[in-house]
K.L.:
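I am attaching a structure below and will ask some questions about it afterwards.
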Amino acid sequence: MLDLKAVVADYEGVERKLARRGVAAVDALAPVKPLAARRRELNLLLEKQKKEQGEANGRIRELMKTDKAAGEKARAGLRALGDAVKGSEAELGEVEARIQALLLLVPNPPQESVPAGADEHGNLQVSAWGEKPALGFAPKPHWELGEALGILEWPQAAKLSGSRFTISKGVGARLERALTAFFIDVHVSRGYTEILPPYLVSGETMTGTGQLPKFEEDLFKTDGASPLYLIPTAEVPVTNMHRDEIFEAGALPISYCAFSPCFRAEAGAAGRDTRGLMRQHQFHKVELVKFASAESSGAEHDRMLDDACEVLRRLGLHHRVVLLCTGDMGFSSSKTYDIEVWCPGQDAYREISSVSNCEDFQARRIKVRYRGADGKPRLCHTLNGSGVAVGRAVVAILEQYQQADGTVLVPEALRPYLGGLERIVAQKFPRGVER
RNA sequence: GGAGAGCUGGCCGAGUGGUCGAAGGCGCCUGACUCGAAAUCAGGUGUACGGGCAACUGUACCGUGGGUUCGACUCCCACGCUCUCCGCCA
């Protein structure tokens, strides 16, 4: 959320920064301007009225002690003043609620260093690690490999839940569990604290990180009197964990890693990535979250990117890093790097991690602050990044480590987590005939 | 799910209609004393929004939201959360 004070102080400046996101962002902000002016008027009026009321009440208090009759008489005249205060309060509350509702729909302005662009074609490659493995045969996509190996299963999943769900079996299931443990172990060794958060959260929590109110159609929601939402990423509960808190100076940065399943409605993605593991309603992810000071968030952002890349380096997975352009960034982010891993079976680099600096955009919504050198509370900067998506790591391993005979080598770093397994070979599981 | 108790400042805790941002204590900061520290003494110590170049200053905030009242931490209603006991349960 934008700072109303900043919007009022320099409307044109804020507008110019927002314009890099496109006209829709500017249009979202426009109606705030007249409301802010009205809010200021009401604030001044209300303070004046309250001061009058306070003074009048003081007089009555004294009167009641000395001359009860006169006091009773004075009471009657104050009714109007009390009503006026209530009226002003009501209108101010209404105006503030409208401003709030509008500001919640305005995206975070991009940092200066973010390149301009309308969509993913404007993204900028900033680095790459490793190279495309020389397979020497026509690589298969992971869905063919997974099915042939018997470790990934879609027809049965569709029977249970419909499209965009997968069942992992045998080594396939163990592979996800192994990757999860491996990712967490790497991040913990590099200073992150492990968190296992709730997977269902309130609407308030979803609003704190920016999923609501604008992106409700992307979320799964429970029925009932007090509905809850299924988290689309552990970023949501972990970032909201410190809502309304003030950190003492020196406590920052605070770094968390959290495994969770992620639930996404994938509204609007009809027909895209319908095969395989790429785009599921439910997937697993290890998420990184940091709370940093305003001064250090840029450096922490780079460090988080490196932490996410580290797990891919240890797995020997070829990948590249792109800096997202203004048109491709998420709502809450001021700057985002995507890590794209090479998927030879799809002949494409596919996103496996997204590392964002939200600056104070989320912190303002959830009031997470820290004391600066002067002892005054300041908003934290929040950062989040995948470290990394587990299902997509399975995809990359299957596709990059596939062999001509259809087996898949296990990256060395992962073998201790799989009981020393060096190679995934076809497995058979009991199966009846469908009738 | 049922019954009871409670929710006040960083923490503990007083306050049952008016002078309460709120007693007292703890913690923390500053100063005095000390070679230094402890102890002791004195002073200070919240957040938000607004006004002022600034020193400063106004208003609000006692779980949340309503209501009663000239005036609510204090009375009424609803909700949330915590704790204890009972039931159920992986």
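This is a predicted model, so every value here is computed, not measured. Labels below follow one simple rule: chain letters A, B, ... track the order of the sequence lines, proteins then strands, and each chain is numbered from 1.
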K.L.:
Taking the P atom of each, how far is rU68(B) from rC81(B), in whole Å?
P.N.:
28 Å

K.L.:
I need the minimum non-hydrogen distance between Ser354(A) and Ser386(A), along with the two atoms involved.
P.N.:
N-OG, 3.1 Å

K.L.:
Do the side chains of Lys17(A) and Glu112(A) get close enough for a salt bridge, i.e. N-O under 4.0 angstrom?
P.N.:
no

K.L.:
What heavy-atom pair brings Arg190(A) and Asp306(A) nearest, and what distance separates the two atoms?
P.N.:
NH2-OD2, 3.1 Å

K.L.:
Residues two or more places apart in sequence or in another chain: which of them pass salt bridge (Lys or Arg N to Asp or Glu O under 4.0 Å) with Glu412(A)?
P.N.:
none

K.L.:
To the nearest Å, how far apart are Arg371(A) CZ and rU45(B) C1'?
P.N.:
10 Å

K.L.:
Could you work out the separation of rU82(B) and rA39(B) based on their C1' atoms and round it to a whole Å?
P.N.:
39 Å

K.L.:
Rounded off to whole Å, could you give me the CZ-to-C1' distance for the Arg378(A) and rA48(B) pair?
P.N.:
17 Å

K.L.:
In this structure, how many angstroms lie between the P atom of rU57(B) and the NZ atom of Lys50(A), rounded?
P.N.:
21 Å

K.L.:
How many whole angstroms separate atom CD of Glu248(A) from atom P of rU45(B)?
P.N.:
17 Å

K.L.:
Return one dot-bracket line describing RNA chain B 5' to 3' (Watson-Crick or G-U wobble pairs, both distances under 3.5 Å; ( ) same strand, [ ] crossing, | another strand, . none).
P.N.:
((((((((.[[[..)..(.....]]]((((((.......))))))((((((....)))))).[[[[[..)....]]]]])))))))....

K.L.:
What are the atom names and distances for every N/O pair under 3.5 Å that joins the protein to nucleotides 68-71 of chain B?
P.N.:
| residue | atom | partner | partner atom | Å |
| --- | --- | --- | --- | --- |
| rU69(B) | O4 | Lys86(A) | NZ | 3.3 |
| rC70(B) | OP2 | Arg79(A) | NH1 | 2.7 |
| rC70(B) | O4' | Arg75(A) | O | 3.2 |
| rC70(B) | O2' | Asn57(A) | OD1 | 3.2 |
| rC70(B) | O2 | Asn57(A) | OD1 | 2.9 |
| rG71(B) | O4' | Asn57(A) | ND2 | 3.4 |

K.L.:
Sticking with atom P, work out how far rC33(B) lies from rU19(B), rounded to a whole angstrom.
P.N.:
41 Å

K.L.:
Is Asp273(A) salt-bridged to Arg350(A), cutoff N-O under 4.0 Å?
P.N.:
yes

K.L.:
Considering only the C1' atoms, how many Å lie between rA14(B) and rU30(B), rounded to the nearest integer?
P.N.:
28 Å

K.L.:
Mind checking salt bridge (Lys or Arg N to Asp or Glu O under 4.0 Å) for Arg21(A) and listing every partner two or more places apart, or none if nothing turns up?
P.N.:
none

K.L.:
Is it true that Arg378(A) and Glu295(A) make a salt bridge, defined as a side-chain N closer than 4.0 Å to a carboxylate O?
P.N.:
yes

K.L.:
Can you check the Lys367(A) NZ to rC61(B) P distance for me, whole Å?
P.N.:
16 Å

K.L.:
Rounded off to whole Å, could you give me the CZ-to-C1' distance for the Arg369(A) and rU47(B) pair?
P.N.:
7 Å

K.L.:
Could you report the tightest heavy-atom contact between Leu277(A) and Trp154(A), atom names first, then the distance?
P.N.:
N-CZ2, 4.1 Å

K.L.:
List, one per line, each side-chain donor-acceptor pair under 3.5 Å for residues 197-204 of chain A, sequence neighbours excluded.
P.N.:
| residue | atom | partner | partner atom | Å |
| --- | --- | --- | --- | --- |
| Ser202(A) | OG | Thr205(A) | N | 3.3 |
| Ser202(A) | OG | Thr205(A) | OG1 | 3.1 |

K.L.:
Going by side-chain hydrogen bond (donor to acceptor under 3.5 Å, both in side chains), Thr336(A) matches just one of Ser333(A), Ser332(A), Ser334(A). Which one?
P.N.:
Ser333(A)

K.L.:
What I want to find out is whether Glu96(A) reaches Arg39(A) closely enough, with some N-O distance under 4.0 Å, to be called a salt bridge.
P.N.:
yes

K.L.:
RNA chain B: Glu89(A) or Ile246(A), which has the more 5' nearest nucleotide?
P.N.:
Ile246(A)

K.L.:
What integer number of Å spans the C1' atoms of rG9(B) and rC20(B)?
P.N.:
13 Å

K.L.:
Given atom CG of Asp244(A) and atom P of rC61(B), what is their separation to the nearest angstrom?
P.N.:
18 Å

K.L.:
For rA22(B) and rG44(B), measure between their P atoms and round to the nearest Å.
P.N.:
12 Å

K.L.:
Where do N or O atoms of nucleotides 49-51 of chain B meet protein N or O atoms at under 3.5 Å, pair by pair?
P.N.:
| residue | atom | partner | partner atom | Å |
| --- | --- | --- | --- | --- |
| rC49(B) | O3' | Arg39(A) | NH2 | 3.1 |
| rC49(B) | O2' | Asn43(A) | ND2 | 3.2 |
| rG50(B) | O3' | Arg40(A) | NH1 | 3.4 |
| rG51(B) | OP1 | Arg40(A) | NH1 | 2.1 |
| rG51(B) | OP1 | Arg40(A) | NH2 | 2.4 |

K.L.:
Any salt bridge between Glu359(A) and Lys335(A), counting N to O under 4.0 Å?
P.N.:
no

K.L.:
Could you give the distance separating rC73(B) and rG18(B) at their C1' atoms, to the nearest angstrom?
P.N.:
13 Å

K.L.:
Taking atom C1' in both rC62(B) and rG21(B), what distance in whole Å separates the two?
P.N.:
9 Å

